[in-house]
Amino acid sequence: MKQENVILVDSNDSVIGSMEKYEAHEKGLLHRAFSVFLFNNRGQLLMQQRALDKYHCGGLWTNSCCSHQRLGESNLDAAERRLMEELRIKASDLYDSFSFVYKAEFDNGLTEHEFDHVLIGKFNGKSNFNVAEVAAIQYMDQQQIEDEIAHFPEKFTPWFKLIYQRVFETYWDKYKK
């Protein structure tokens with residue numbers, strides 16, 4: 001994992017410092033993050049399977065893109081940067097939707113404790129994704145996702161299972177009126 005810092009925050013998302021990413025995950029410290037959910041014109045979500053050698057959750061399916069903001073970087077700028085780095089795409093109509101805090105401990109001793117900003121946008125098409133970041137991609141509708149999670153919950157990241165239903169509701173409220 002390349003040396004990169006995360007933004008440490010309090011429960012109100014106020015910056016209290018920064019720390020090297022791996023160390024923050026070892027200590028389970030609350031830090032700022034974002035999750036991007038991109039829908040195509042059919043209302044399907046672009047899903048990504050994380051690269052197998054990720055430091056946690058390798059090979060698991062999750063939302064379109066997720067990562068950490070850099071100091072001084074807006075949620076939107078961070079999302080656009082990582083969409084290019086991971087999926088090599090540009091989304092349209094990308095906007096900040098909501099945020100939440102979660103904590104998930106992993107078998108390798110690392111802990112995700114994130115103040116996660118959820119962004120929703122649109123993308124139609126394919127991705128020539130970065131294989132160092134992403135193992136595979138696919139579009140799935142809400143029923144497909146719910147069926148897969150019901151039968152194979154271990155195939156999905158913890159944060160995705162916590163928020164996908166709220167994201168679909170938010171998406172339908174905004175785009176499908």
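None of these values were measured; they are calculated from a predicted model.
Side-chain contact between Phe37 and Leu46: absent, with no pair of heavy atoms (C-beta onward) separated by less than 4.5 Å. With a 4.5 Å cut-off on side-chain heavy atoms, Gln69 and Asn75 count as touching. Between Leu71 and Ile7 the shortest side-chain heavy-atom distance falls below 4.5 Å. Looking at Glu80 and Leu94, their side chains come closer than 4.5 Å, going by heavy atoms from C-beta outward. Side-chain contact between His25 and Thr111 is absent, with no heavy atoms from C-beta onward closer than 4.5 Å. Using a 4.5 Å heavy-atom threshold, the side chains of Ile89 and Phe129 count as separate. Side-chain contact between Leu45 and Ile145 is present, with heavy atoms from C-beta onward closer than 4.5 Å. With contacts defined as side-chain heavy-atom distances shorter than 4.5 Å, the pair Asn63/Met47 does not qualify.
The CG atom of Asn108 sits 9.5 Å away from the CD atom of Glu26 when rounded to the nearest 0.5 Å. Atom CG of Leu119 and atom SG of Cys65 lie 9.5 Å apart (nearest 0.5 Å). Here the CZ-CE distance, from Arg88 to Met84, works out to 10.0 Å after rounding to the nearest 0.5 Å. How far OG of Ser97 is from CZ of Arg166: 7.0 Å, rounded to the nearest 0.5 Å. To the nearest 0.5 Å, atom CG of residue Asp116 and atom CD of residue Glu112 are 8.5 Å apart. In this structure, Asn5 CG and Glu23 CD are separated by 9.0 Å, a value rounded to the nearest 0.5 Å.
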**Asked** Yes or no on salt bridge (Lys or Arg N to Asp or Glu O under 4.0 Å) for Glu133 and Lys54, after CA distance, side-chain angles and deciding distance?
**Response** CA-CA 8 Å; Glu133 297 284 344; Lys54 287 282 197 175; 2.4 Å; yes

**Request:** Would you check, one step at a time, whether the test side-chain contact (heavy atoms from CB on, under 4.5 Å) holds for Val134 with Glu86?
**Result:** CA-CA 7 Å; Val134 179; Glu86 290 185 15; 4.2 Å; yes

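Hydrophobic cluster membership differs between Val9 and Leu76, with clusters built from Ile, Leu, Val, Met, Phe, Trp and Tyr side chains linked at under 4.5 angstrom. Linking Ile, Leu, Val, Met, Phe, Trp and Tyr residues whenever their side-chain heavy atoms come within less than 4.5 Å places Leu162 and Ile120 in a single cluster. Both Ile149 and Trp159 belong to a single network of hydrophobic side chains, linked directly or stepwise wherever heavy atoms of I, L, V, M, F, W or Y lie under 4.5 Å apart. Taking hydrophobic clusters as Ile, Leu, Val, Met, Phe, Trp and Tyr residues chained together by side-chain heavy-atom distances below 4.5 Å, Phe39 shares a cluster with Phe156. Hydrophobic clustering of Ile, Leu, Val, Met, Phe, Trp and Tyr side chains at less than 4.5 Å, counting indirect connections, unites Tyr95 with Ile163.
Under the 3.5 Å distance criterion, the side-chain polar atoms of Asp141 are left unmatched by any main-chain donor or acceptor of Gln44. Remark: side-chain polar atoms of Asn40 are paired, donor with acceptor, to backbone N or O of Arg42 under 3.5 angstrom.
With respect to the salt-bridge test (charged N to carboxylate O, under 4.0 angstrom), the residues Arg70 and Glu4 qualify. With salt bridges taken as basic N to acidic carboxylate O contacts below 4.0 Å, one links Glu73 and Arg81.
For the residue pair Pro158 and Phe106, the shortest heavy atom distance occurs at CG-CE2, 3.7 Å. Closest non-hydrogen pair, Ala51 versus Ala132, comes out as CB-O, 3.6 Å. Taking each heavy atom of Gln49 and Gly59 in turn, the nearest pair found is NE2-O, 3.0 Å. The minimum heavy-atom distance linking Ser64 with Leu87 is given by the pair O-CD1, 3.2 Å. The two residues Gly28 and His113 come nearest to each other via the heavy atoms O-ND1, 3.1 Å. Between Thr157 and Cys57, the closest heavy-atom pair is CG2-CB, 4.0 Å.
Ring centers of Phe100 and Tyr102: under 6.0 Å apart, within the cut-off.
For the pair Arg82 and Phe34, the cation does not sit on the ring face, since its NZ or CZ is not both under 6.0 Å from the ring centre and inside 45° of the axis.
Ring geometry for His68 versus His31: interplanar angle of 30 to 60°, hence tilted. Between His117 and Phe115, the ring-plane angle classifies as tilted under the 30° and 60° cut-offs.
A donor-acceptor contact closer than 3.5 angstrom links the side chains of Glu146 and Gln142.
Atom NZ of Lys161 has more than 12 heavy atoms from other residues, nucleotides or ligands within 6.0 Å.
Shown are Gln143, His151, Gln144; of these, the side chain to side chain donor-acceptor pair (under 3.5 Å) with Asp147 is made only by Gln143. The side chain to side chain contact (heavy atoms under 4.5 Å, CB included) test with Gln48 is passed by exactly one of Leu38, Thr62, Leu60: Thr62.
Clustering of Ile, Leu, Val, Met, Phe, Trp and Tyr by side-chain heavy atoms under 4.5 Å joins Leu29 with Val6, Leu8, Ile16, Met19.
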